[in-house]
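Beneath this line is the structure, given in structure tokens, with notes to follow.
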Protein chains: 2
Amino acid sequence: MNGPTQRRITIKEVAEAAGVGVATVSRVLSGGSASAETREKVLAAAARLDYRPSALGRNLRRQRTGGIGLLVPDITDSFYARLTDGVLACARSYGEPVTVGVTGDDPEREAELIGTLIEQSMDRLIAVPSGDGDMWAPALRAGLNVVFADRRVRPDVPSVVPDDRAGVLTAVEYLAGLGHRKIAYLGRHGQSQRIAAFTAALASLKLPADRELVVQARSSRDSAYAAAAGLLQNRPDVTAVIAGGNVLGEAAVLAARELDVRIPRDVSLIMFDDVPWAELCSPPLTVIAQPAQDIGYRAAELVLRHGRRPPAVTLPTQLVVRASCGPRVATSRR
Amino acid sequence: MNGPTQRRITIKEVAEAAGVGVATVSRVLSGGSASAETREKVLAAAARLDYRPSALGRNLRRQRTGGIGLLVPDITDSFYARLTDGVLACARSYGEPVTVGVTGDDPEREAELIGTLIEQSMDRLIAVPSGDGDMWAPALRAGLNVVFADRRVRPDVPSVVPDDRAGVLTAVEYLAGLGHRKIAYLGRHGQSQRIAAFTAALASLKLPADRELVVQARSSRDSAYAAAAGLLQNRPDVTAVIAGGNVLGEAAVLAARELDVRIPRDVSLIMFDDVPWAELCSPPLTVIAQPAQDIGYRAAELVLRHGRRPPAVTLPTQLVVRASCGPRVATSRR
DNA sequence: ACCGTTCATGGAAACGATTCCACCATAGTT
DNA sequence: AACTATGGTGGAATCGTTTCCATGAACGGT
């Protein structure tokens, strides 16, 4: 049933065909020194036989696998999809394969996937870390070359992250400028950076920093919806919410619609991460755009070059004003 | 700067620690026969040393790499992201790593990526094929175990595809039931299956099958927008359009808005592929939902089990009625 | 003319697993 | 008691590559 499955040709056969030793073939093919004549013969033989060096053999000898691992919480989330796209784009220009794993923001699954990667002798890894940084100690000790993307959980690991502080501050200032004082942050569990930035921003503008103004969801759509609905329902006094990601934003719009609170008349909404549908939404969503693809690309560069490694690179965000924010109305909702 | 980079421990060390030969260790760990006492010793030593067999060594010997390759046109497209998610979910339950490549629907890039995969000795591949089936001949001859997803371009390769024929027919019938007669199909280049299904559906309902009623775009957002705008502008007589994918649908909504044609008053729109934002759009979009994740999952099952391989599995689609389709108005637009 | 340096070259030893095969001990049979 | 199954066990070959090292030739300088 299966085809003839022709055996793959090896360096030995190339050597034989070219009338030289295997060492010479290897040297020619990896740019070592050789006489012009020999080089010619080897190249010709290799081309004629359509020789492809086996990455397996090479990697076993070299004690490291080429290629890079990538761990994201959810490939279905547009942000991580774009981040992944950036990684793939960079890796492709180096001809390096990328092995992708989905952690679901679960440290246990993450550890399991790291194990699989280590078994493959992968020594380069880009990760959007799920938990705190502690669990990365063994992986780092194992000599793994890690770069964090989107979140920084350890100071000793190079990271590429969006400028959360500036992004949050911009959002809060924008809303405050429209007269809002009770501003809520709808975030994901573990977004400690942004939450800190949020409370700092509130403080710097002398706005009330109620602890209950930040509500956190797990990264599933259901959890996001529940959190959004809860916030909208329990706190009629908040007149503006910042959603910490596109699925949170989606949930907020959905919940608002369900609970019959109007955007932007009843509450203003500003969402982290610009996605194509933000413009199609009704109303079109004002967003803090994040350079997801760039984050991935830069992270890949870092992990591939891994020359002197800067501790962290921070990429700018941008406020895109559409129509989901309005001036505060004098009376609170309901 | 770098940590101590502890060397990874090998089967030899485990053998030594357990006081047995390497062959025995290998046998115990892969379920071969051994005395209870020996098994005990080996397992204990392996656990104590935290031994992880090197996939490199194993694969080199076995002449095949575990793991599976996945080639999609665009990971940024929600449909392919969900498909990828399905593949990853299935692969994870087998503990198999997945190497992802983005083809951009470009056969050349696709061929290049296949080359990389073959270099890795990957022998299992799931692909959303870009071009026609011809270019796959060499890969198949090389013994590659291929499963096609979303598109079927060769009868001799197992494929997992949505039920295009039924989906298109449902859409056309639904629109015809609303009184529409001039229905256009806005598709991607190379969607021959669906386009054939579309013209067949028109014919079966005795609707005019103008050749210009199907317009094709390349898979970029720009191209999709141009095609949508062109269609809407040049053919004021069409009162309904079917968009062949979520980026095409997005483009159609955008173009309609730009050209000031109202949905659904001026033209009805039905989109292939249900995405979260379809409900948030204004108006909420009526769609033909496709089981993207299932497609990926089933494809992964096929490529992993690869027992007797059915030539093709077709997964059902489902019409989800929202608010982007209305009855035909008596007069054509403009 | 001799010696030292340089350079191309090929043989062989790794890398870490699997697996063939030979070996030995024990148990069972005549 | 001798001979044969049987089954556990370890040595060694193998997979395809890179790289160390030895070899030999060519060449230039004293």
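Throughout, protein chains are lettered first and strands after them, A, B, ... in sequence-line order, and every chain is numbered starting at 1. Source: prediction; values computed, not measured.
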Length of the line joining B:Leu29:CG and C:dT19:P, which is rounded to integer Å: 13 Å
Sugar-phosphate, base or nothing in reach of B:Leu60, heavy atoms under 4.0 Å: base
Spacing between A:Arg39 atom CZ and C:dC7 atom P, to the nearest angstrom: 15 Å
Positions of residues 10-22 of chain B (non-hydrogen atom under 4.0 Å from DNA chain C), listed by number: B:Thr10, B:Ile11
Touch class at under 4.0 angstrom, heavy-atom based, for A:Ser26 against every strand present: base
Given DNA chain D, 5'-ward residue of the pair B:Glu37 and A:Leu56, judged by closest heavy atom: B:Glu37
A:Tyr51 or A:Arg27, whichever maps to the more 5' nucleotide of DNA chain D: A:Tyr51
Rounded distance (nearest 0.5 Å) linking atom OG1 of B:Thr103 with atom OH of B:Tyr80: 8.5 Å
Minimum-distance nucleotide to A:Thr38 side chain [options: C:dA17, C:dA8, C:dA12]: C:dA8
Whole angstrom value for the distance that separates P of C:dC15 from CZ of B:Arg58: 19 Å
Sugar-phosphate only, base, or nothing, as touched by B:Ala23 at under 4.0 Å among non-hydrogen atoms: base
Salt-bridge criterion met for B:Asp85 and B:Arg92 (N-O under 4.0 Å): no
Verdict with reasoning, B:Asp105 to B:Arg151, per salt bridge (Lys or Arg N to Asp or Glu O under 4.0 Å): CA-CA 12 Å; B:Asp105 254 329; B:Arg151 310 175 190 168; 3.0 Å; yes
Whole angstrom value for the distance that separates C1' of C:dG16 from CD of A:Glu119: 13 Å
Value in whole Å for how far the P atom of C:dC15 lies from CG of B:Asn59: 19 Å
Heavy-atom contact window of chain A on DNA chain D, given 5' to 3' at under 4.0 Å: D:dG16 to D:dT19
Sugar-phosphate only, base, or nothing, as touched by A:Arg64 at under 4.0 Å among non-hydrogen atoms: nothing
Euclidean distance, atom CZ of residue B:Arg62 to atom P of C:dG16 [Å, nearest integer]: 18 Å
Donor-acceptor pair between A:Ser35 and A:Thr38 side chains, under 3.5 angstrom: yes
Whether B:Ser30 side chain and B:Ser26 backbone form a donor-acceptor pair below 3.5 Å: yes
Side chain A:Arg61 and base C:dG16 donor-acceptor under 3.5 Å: no
Pair A:Thr65, A:Gln120: side-chain N/O donor-acceptor within cut-off below 3.5 Å: no
Distance below 4.0 Å between A:Ser33 side-chain N/O and C:dA8 OP1 or OP2: yes
Exam field: side chain B:Arg109 to backbone B:Val102, donor-acceptor pair closer than 3.5 Å: yes
Spatial distance of atom CD (B:Gln63) from atom OG (B:Ser121) [nearest 0.5 Å]: 7.5 Å
B:Val42 to B:Val14 - nearest heavy-atom pair and separation: O-CG1, 4.4 Å
B:Ser54 side chain to B:Arg58 side chain, donor-acceptor N/O pair below 3.5 angstrom: no
Spacing of A:Ile118 atom CD1 relative to C:dA17 atom P, expressed in whole Å: 14 Å
